[in-house]
Amino acid sequence: WIVQYNGPAEDPPAFHAYYRSHHVPIVHRMPGIRSLNLYSPEPWTGTARLHTVNHLLIVQAVFDDLDGLLAMRNSPQRREGLQDFNNYPKFEGPVTHQAMRSHRIPV
């Protein structure tokens, strides 16, 4: 389950602090989630030219199976998490949710 916050925040450090201290505890109570990964932008100072995007935050919730994902989606804790969006520090842009299947490729 990938959640993308696609846009700027008025105060990115405040947004990330709120997310970690208030929203993540709600997510941790959601059923079926095996692991949670947060991805936030990192300034690039190297010489290579890299394409950047405006993701404020990308969240990856990993489930053992589709039943786990469906349990989370139908839970009261998810409804609580959706209500918590209203408490986030000022953020502009869409929030997208996408179910995806991962394929681990050994190196």
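Every heavy atom of this structure was used, including side-chain atoms; hydrogens, water molecules and symmetry mates were not. The chain is numbered in sequence order, starting from 1.
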Should [X] and [Y] count as side-chain neighbours, where that means a heavy-atom distance under 4.5 Å?
X     : Y     : answer
Ile58 : Gln60 : no
Gln98 : Trp1  : no
His16 : Leu57 : yes
Pro8  : Leu56 : no

Closest approach of His55 to Pro41 (non-hydrogen atoms, all atoms of both residues):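 So the minimum-distance heavy-atom pair works out to O-CG, 3.1 Å.
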
Minimum heavy-atom distance between Pro31 and Ala71, given as atom pair plus value: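 It is CG-O, 3.7 Å.
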
Residue pairs fulfilling salt bridge (Lys or Arg N to Asp or Glu O under 4.0 Å) with at least one residue in residues 22-41, sequence neighbours excluded: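 Qualifying pairs, neighbours excluded: Arg29-Glu80, Arg34-Asp64.
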
Hphob cluster co-occupancy, Tyr39 + Tyr88, side-chain heavy atoms under 4.5 angstrom: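 No: no chain of side-chain contacts under 4.5 Å links Tyr39 to Tyr88.
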
Co-members of the apolar cluster containing Val62 [side chain, <4.5 Å]: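 Direct or chained contacts put Val62 with none.
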
Evaluation steps, side-chain contact (heavy atoms from CB on, under 4.5 Å), between Val59 and Tyr5: CA-CA 9 Å; Val59 180; Tyr5 295 83; 4.1 Å; yes

Distance-only side-chain donor-acceptor flag, Asp11 / Tyr18, under 3.5 Å: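 No.
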
Test item: His28 side-chain N/O and Leu36 main-chain N/O as donor-acceptor pair under 3.5 Å: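 No, His28 side chain to Leu36 backbone: no donor-acceptor pair under 3.5 Å.
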
Partner set under ring-ring contact (aromatic ring centres under 6.0 Å, His included) for Phe63, not counting sequence neighbours: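 Applying ring-ring contact (aromatic ring centres under 6.0 Å, His included) to Phe63 gives none.
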
Working for side-chain contact (heavy atoms from CB on, under 4.5 Å), residues Thr96 and Val3: CA-CA 6 Å; Thr96 60; Val3 181; over 6 Å; no

